[in-house]
Amino acid sequence: MEESKKVLYSAVQPTNNLTIGNYIGAIRNFLALQNDYNCYFAIANMHAITVRQTPAELRQRTLSLLALYLACGLNPEQTAIYVQSHVPAHAELCWVLNTFTYVGEMERMTQFKDKSLRHAENINMGLMDYPVLMAADILLYQTEVVPVGLDQRQHLEIARDIAQRFNNIYSPTFKVPEGLYVKVGAKINDLQDPSKKMSKSAENPNGSVFLSDDKDTVIRKFKRAVTDSGSEIKFDPENKAGVSNLLSIYTAFTGKTVEQAERDFAGIGYGDFKLAVGEAVADKLAPIQKEQAKLLTDKTYLDNVLRSGAERAAKAANKTLSKVYKKIGFYQL
Ligand code: ATP
Ligand code: LTN
């Protein structure tokens, strides 16, 4: 990794099956950035356990997410890809940063409030501490750029606040990170309810297209997608939310512009349009799925990627951690 490049950090939780929203909104953008930045991509299993997980599934999804990162084209020679719990510095810095974070701030976080409602039987300290662990993730690497969806903006703001607070009390220790938000139009909505974002944990599985869906399933879900009144295929998110979402998906998957897509579909009925979008998505997913399945048969290779990723990450992370320990007065041997 070249020292002169800026550091970029992002992570995805190995929970549920990923959707085409995660792919377009997050993973696919990592690819375009890996050449320009010194990148770290984590599999955030410590964040995942803030909501109860089935152990065997969490383990399996960790490897699946790694295989997916690789199948999408992330290059482990270039980029450190690792599992969060393999680098103990995350938990260690989180503890220190906890003492620079106020309970009131955490109680006001939108995601904490949402998840407390959804998991009322398990409002654990980890759920509340989620943003501080995320701040530790980011700040450990002297990160400058964090590509995430807009839903993560509040978490990024807190990471910036904590960094500035620490830097002001001691002396400049952490870089203050910037969020890199995907362009408008890259927010993929639910196929059954285009007013909601497509989500891994949606109630209606027909609304979300999973990266693991086979061709028939993808086509079936698109055929059933909700469209709008009228018959014109036009990008107009306010009045034609369903058609516009399908056009966004189509352009994201084919690289065509909205104008080109509108021209391609001029005079075509909704049925054929939905089929064409489904085919474009299925065709793009097929080689990724094939490569992911192939990678998953080579556990030795995957373990090696994770081992070397964790080593590289730990080296950078421990440098920052040791600076922090020194500044706060931890006696060092
Ligand atoms: P859940 O539904 O379980 O809350 P999620 O689908 O929102 O999960 P996360 O793991 O929270 O997934 O997010 C991973 C990344 O994918 C984040 O950067 C997030 O902003 C992005 N992302 C998630 N859903 C979409 C979407 N529908 N469109 C664009 N980006 C998305
Ligand atoms: N909360 C994030 C996942 C995440 C993350 C991070 C993203 C954990 N640590 C650090 C960027 C930087 C999400 O996308 N749900």
Side-chain angles (χ1 to χ4, degrees), residues 7-30 33 39-53 61 65 68-69 72 82-85 87 90-91 93-94 97 109-112 114-115 117-119 126-127 129-141 143-160 162-163 177-205 207-211 245 248-249 252-253 313 317:
V7 175
L8 178 145
Y9 189 98
S10 200
V12 174
Q13 301 182 72
T15 48
N16 300 315
N17 286 321
L18 298 203
T19 68
I20 56 171
N22 299 125
Y23 175 68
I24 296 298
I27 298 179
R28 198 179 63 155
N29 304 301
F30 299 170
L33 297 162
C39 296
Y40 295 88
F41 293 116
I43 298 172
N45 61 345
M46 291 163 68
H47 279 103
I49 61 164
T50 58
V51 170
R52 209 57 78 215
Q53 303 293 328
R61 284 187 173 137
L65 180 55
L68 183 74
Y69 274 160
C72 289
Y82 71 99
V83 175
Q84 191 182 27
S85 66
V87 180
H90 290 254
L93 182 62
C94 179
L97 297 183
M109 300 299 284
T110 314
Q111 184 186 285
F112 173 65
D114 285 353
K115 290 200 176 168
L117 286 176
R118 272 196 285 158
H119 306 277
L127 192 61
D129 209 27
Y130 185 112
V132 184
L133 179 60
M134 184 160 155
D137 295 345
I138 297 168
L139 300 181
L140 272 175
Y141 298 91
T143 303
E144 293 190 55
V145 179
V146 185
V148 276
L150 274 173
D151 54 329
Q152 297 298 314
R153 176 172 239 150
Q154 203 183 27
H155 289 157
L156 204 81
E157 287 303 318
I158 277 288
R160 290 167 55 85
I162 295 174
E178 300 279 345
L180 182 67
Y181 303 101
V182 182
K183 279 186 251 107
V184 223
K187 179 171 161 243
I188 306 296
N189 289 328
D190 190 282
L191 297 187
Q192 292 298 317
D193 178 0
S195 67
K196 280 194 326 208
K197 85 158 190 177
M198 188 182 285
S199 154
K200 287 191 258 184
S201 46
E203 275 150 42
N204 184 347
S208 298
V209 178
F210 298 104
L211 295 179
N245 186 40
S248 294
I249 295 174
F253 274 88

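These numbers come from the heavy atoms of this one structure, side chains and all, not from hydrogens, waters or symmetry mates. Atoms within a ligand are numbered from 1 in the order they appear, just like the ligands themselves.
Using a distance-only test at 3.5 Å, with no hydrogens or angles considered, a donor-acceptor pair links the side chain of Q84 to the main chain of M46. Judged by distance alone, the side chain of R160 and the main-chain N or O of P177 form a donor-acceptor pair under 3.5 Å. The backbone N or O of N204 lies less than 3.5 Å from no partner atom in the side chain of Q192, so there is not a single donor-acceptor pair. Checking side-chain atoms of S208 against main-chain N and O of S199 turns up a donor-acceptor pair under 3.5 Å. With hydrogens and angles disregarded, a donor-acceptor distance shorter than 3.5 Å links the side chain of N45 to the backbone of S85. Under a 3.5 Å cut-off, the side chain of N29 and the backbone N or O of I24 do form a donor-acceptor pair.
Here the side chains of N189 and K197 are in contact, with some heavy-atom distance below 4.5 Å. For the pair I20/F253, a side-chain contact is recorded, criterion being any heavy-atom separation below 4.5 Å from C-beta on.
With hydrogens left out, the protein atom closest to atom 10 (C) of ligand 2 is Y9 CE2, 3.5 Å, a heavy atom. Here the heavy atom of the protein found nearest to atom 3 (C) of ligand 2 is A11 O, 3.4 Å. Counting protein heavy atoms only, atom 15 (N) of ligand 2 is closest to Q152 NE2, 3.2 Å. Annotation: atom 1 (N) of ligand 2 to nearest protein heavy atom, Y130 OH, 2.6 Å.
Ring geometry for Y9 against Y40 counts as parallel: the plane angle stays under 30°, on a 0 to 90° scale with 60° as the upper cut.
At a 3.5 angstrom cut-off on N or O pairs, T15 does not count as close to ligand 1. Polar contact with ligand 1: absent for A26 (N/O pair, distance under 3.5 Å). The shortest N or O to N or O distance between V12 and ligand 1 is not below 3.5 Å. Taking any N or O of G21, backbone or side chain, at least one lies under 3.5 Å from an N or O belonging to ligand 1. Not one N or O of R118 is nearer than 3.5 Å to an N or O of ligand 1, by distance alone. Close N/O approach between D137 and ligand 2 is found [any backbone or side-chain N/O within under 3.5 Å].
In this structure, the separation between CE on M109 and NZ on K115 is 11.5 Å, given to the nearest 0.5 Å. Rounded to the nearest 0.5 angstrom, T19 OG1 and D190 CG are separated by 10.0 Å.
Atoms of ligand 2 found under 4.0 Å from any heavy atom of V146 (numbered from 1 in listed order, with element): 11 (C), 12 (C). Near D151, meaning under 4.0 Å from any of its heavy atoms, are these atoms of ligand 1: 19 (C), 20 (O). Atoms of ligand 2 lying under 4.0 Å from at least one heavy atom of V148, given by number and element, are 7 (C), 11 (C). Heavy-atom proximity to H47, at under 4.0 Å, picks out these atoms of ligand 2: 8 (C), 9 (N). The Q13 neighbourhood of ligand 2 comprises atoms 15 (N), with distances under 4.0 Å to a heavy atom of that residue. Atoms of ligand 2 lying under 4.0 Å from at least one heavy atom of I138, given by number and element, are 10 (C), 12 (C).
At a 4.0 Å heavy-atom cut-off, ligand 1 touches N22 through backbone and side chain alike.
Y141 and H90 have their aromatic ring centers within a separation under 6.0 angstrom.
Judged by the shortest distance from any of its heavy atoms, I188 lies inside the 4.0 Å radius around the atoms of ligand 1. Ligand 1 lies within reach of V148, whose nearest heavy atom is under 4.0 Å from it. Taking 4.0 Å as the cut-off, T19 does not count as a neighbour of ligand 1 on heavy-atom distance.
Listed by chain and residue number, Y130 satisfy the side-chain hydrogen bond (donor to acceptor under 3.5 Å, both in side chains) test with Q13 (two or more places apart in sequence, or in another chain).
Looking at K200, K197, R153 and measuring to atom 7 (O) of ligand 1, the nearest heavy atom belongs to K197.
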